[in-house]
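Note sheet for the following structure.
Each chain gets a letter, A, B and so on, in the order its sequence line appears, and its residues count up from 1. Values in this document were obtained by computation on a predicted structure and should not be read as measured data.
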Protein chains: 2
Amino acid sequence: MKNTSDEPSGLRERKRRETLGRIAEAGLQLFVKKGYEETTLENIAAAAGVSRRTLFYYFKSKEDILLAWQGSGFAQALHPTMLQESPDQFPLDAARECLLKLASRLETKESIAVDGLLRSSEALRARKEAAYVELEHSLLNAMLELWPDPTKRNAHRVTAMVAIGTLRLALESWREEGGQPSLAHHISRHFDLLKHQV
Amino acid sequence: MKNTSDEPSGLRERKRRETLGRIAEAGLQLFVKKGYEETTLENIAAAAGVSRRTLFYYFKSKEDILLAWQGSGFAQALHPTMLQESPDQFPLDAARECLLKLASRLETKESIAVDGLLRSSEALRARKEAAYVELEHSLLNAMLELWPDPTKRNAHRVTAMVAIGTLRLALESWREEGGQPSLAHHISRHFDLLKHQV
DNA sequence: TTTTAATTTTACACTTAGTGCAATAACATT
DNA sequence: AATGTTATTGCACTAAGTGTAAAATTAAAA
């Protein structure tokens, strides 16, 4: 009979998670060491102790093996974290606070390594930009729960776009300046710029 | 001796342009008819009366054949059009005017067809988002020429981000509502929303 | 425990995008 | 006409990704 609970915890599930982890780790390690293009799926499969075909059982593409590391859970945490904000503020201010709380997740070794790799080809750079649009959607959905006014949908879209766009610029600037000072600082400064420009 | 002028106009150049055009048109036509993934480079080469290998002499990838149609020259026109704006306005207002002037370029049959195709796969959707970031850079460069104040670089970045982001949302909304009313109208409305939200 | 069902892993053959290389054809210049 | 330059092609090759079906592993039922 099928197990309908959320998290089955048998041997099968454990091995599954282990294999998934081995593949993701072997992938990231090789990408960092040899470069993304220079690493073949054959390489990853060998390092993970699995057949090439099995890679596609766990990931739908080579890119996905890299993207699995993106943002250290930033994307997953965005929605719930935003929901914790009080609705007694302007949406943009709430978004700002939320992003500040999550900033540390983007300051990890993995995040930085992955970000470097995401610059190494057109296709990967494009994926990175697309990821921001995903964040925008997560943020928008949380906003729609916090301020459930159907007539403000477009306004919220604009707010989410501005907030995530500001995060993107802050990250860029943080990197350009070699991680100095903290990312949170850059985010704050960029949100301040916003008020003066718009 | 080498021809150093900008636009050589011999037989060679004419044929070159013709071949380029044939490939791009054959590609778009087949993509629309059969779908992007379902169209092979073999198909396009045959339809353009050229060898598969020659495709790579003109385009560096299959995606590029499609992306050549993106925006009907919007990207190329952005910089020069922005430069025509008067510096006696707020940068964001100038950007708004500029985008309104260019809006019609996105309302063409080709733009709409390409946009549809760009939704058909993850990789293509990602390319589309990346294209907006390119626009952002073009706009930023023009702004830096119009208001050459090196201390305002980050401010201008924010402005360019907001302007192009607004364009993106306006385009989305315009499409959702079936092209009604004009794109320019949607752009205006979204820029108005901005003032209220930020 | 044995049997049966579901899931995971693998091998193999195949398609297609993209690259390197070198030969040939077409155009341009002297 | 001879020479150089650019465009076109064929061929062989690498690597990503898919379809299929068999084998191995784990879970559940008897």
Side-chain angles (χ1 to χ4, degrees), chain A residues 1-5 7-24 26-27 30-31 34-68 117 120-124 126-127, chain B residues 1-5 7-24 26-27 30-31 34-68 117 120-124 126-127:
Chain A
M1 187 197 161
K2 215 176 273 183
N3 187 337
T4 53
S5 86
E7 293 187 16
S9 55
L11 169 61
R12 190 167 265 175
E13 188 61 18
R14 202 177 66 233
K15 288 185 83 172
R16 190 184 160 78
R17 286 185 202 284
E18 281 171 6
T19 307
L20 189 81
R22 274 205 324 281
I23 296 174
L30 288 170
F31 291 153
K34 317 201 319 173
Y36 178 80
E37 304 277 4
E38 292 72 20
T39 302
T40 70
L41 293 182
E42 204 84 53
N43 297 151
I44 300 175
V50 94
S51 80
R52 200 181 75 97
R53 197 66 184 76
T54 294
L55 259 42
F56 291 101
Y57 185 81
Y58 285 92
F59 295 91
K60 74 180 204 305
S61 71
K62 182 180 177 182
E63 284 183 353
D64 279 23
I65 298 178
L66 176 56
L67 295 176
L117 287 165
S120 68
S121 86
E122 290 262 319
L124 289 176
R127 284 300 177 110
Chain B
M1 187 193 160
K2 215 176 272 179
N3 186 339
T4 54
S5 84
E7 293 188 17
S9 56
L11 169 60
R12 191 167 263 177
E13 189 61 17
R14 202 177 66 234
K15 286 184 85 171
R16 191 183 158 76
R17 287 184 202 284
E18 280 171 6
T19 307
L20 189 80
R22 270 202 331 276
I23 295 174
L30 287 170
F31 291 152
K34 317 199 322 173
Y36 178 80
E37 303 277 5
E38 293 72 21
T39 301
T40 71
L41 293 182
E42 202 84 54
N43 297 153
I44 299 174
V50 94
S51 80
R52 199 180 76 97
R53 196 66 185 77
T54 294
L55 259 42
F56 291 100
Y57 186 81
Y58 287 93
F59 296 91
K60 75 177 202 306
S61 71
K62 182 181 176 182
E63 284 183 352
D64 279 22
I65 297 177
L66 176 56
L67 295 176
L117 286 164
S120 69
S121 85
E122 289 262 320
L124 289 176
R127 285 300 177 112

Under 4.0 angstrom between A/Y58 side-chain N/O and C/dT9 OP1 or OP2: yes

Inter- and intrachain pairs under salt bridge (charged side-chain N to carboxylate O under 4.0 Å, His left out), touching residues 56-65 of chain B, at least two apart: B/K60-B/D64, B/E63-B/R127

Spacing between B/E37 atom CD and D/dA16 atom P, to the nearest angstrom: 17 Å

Nucleotide D/dT8, atom C1' - distance to CG of B/L20 in whole Å: 15 Å

Sugar-phosphate only, base, or nothing, as touched by B/F59 at under 4.0 Å among non-hydrogen atoms: nothing

Partners passing side-chain contact (heavy atoms from CB on, under 4.5 Å) against A/A68 (at least two apart in sequence or in another chain): A/F59

For B/Y57, side-chain contact (heavy atoms from CB on, under 4.5 Å) partners two or more places apart: B/R16

Sugar-phosphate, base or nothing in reach of A/T40, heavy atoms under 4.0 Å: sugar-phosphate

side-chain contact (heavy atoms from CB on, under 4.5 Å) against A/E37, all qualifying residues, sequence neighbours excluded: A/S121

Every protein N/O lying under 3.5 Å from an N/O of nucleotides 18-21 of chain C:
unit_1 : atom_1 : unit_2 : atom_2 : d
C/dG18 : OP2    : B/K62  : N      : 2.7
C/dG18 : N7     : B/R52  : NH1    : 3.2
C/dG18 : N7     : B/R52  : NH2    : 3.0
C/dG18 : O6     : B/R52  : NH2    : 2.9
C/dG20 : N7     : B/R53  : NH2    : 2.8
C/dG20 : O6     : B/R53  : NE     : 2.6

Euclidean distance, atom CD of residue B/E122 to atom P of D/dG17 [Å, nearest integer]: 12 Å

Given D/dT9, D/dT8, C/dT8, the nucleotide with the shortest approach to the side chain of B/T19: D/dT8

Set of residues satisfying ring-ring contact (aromatic ring centres under 6.0 Å, His included) with respect to B/Y36, sequence neighbours excluded: B/F31

hbond_proxy B/R12 side chain to D/dT5 base (donor-acceptor, 3.5 Å cutoff): yes

B/T54 side chain near D/dA7 phosphate (N/O to OP1/OP2, under 4.0 Å): no

Flag, side chain of A/T54 to backbone of A/V50, donor-acceptor distance under 3.5 Å: no

A/K15 side chain near D/dT25 phosphate (N/O to OP1/OP2, under 4.0 Å): no

Position toward the 5' end of DNA chain C (nearest nucleotide), A/S51 or B/T39: A/S51

Phosphate OP1/OP2 of C/dT9: any A/Y57 side-chain N/O under 4.0 Å: no

Gap between atoms CZ and P, on B/R17 and C/dC27 respectively (whole Å): 17 Å

Salt bridge A/R22-A/E18, side-chain N to carboxylate O under 4.0 Å: no

Length of the CD-C1' vector between B/E13 and C/dA26, whole Å: 15 Å

B/E18 CD - C/dA26 P separation (whole Å): 16 Å

Rounded distance in Å - CD (B/E38) to C1' (C/dA17): 15 Å

Whole angstrom value for the distance that separates P of D/dT9 from CG of B/L55: 10 Å

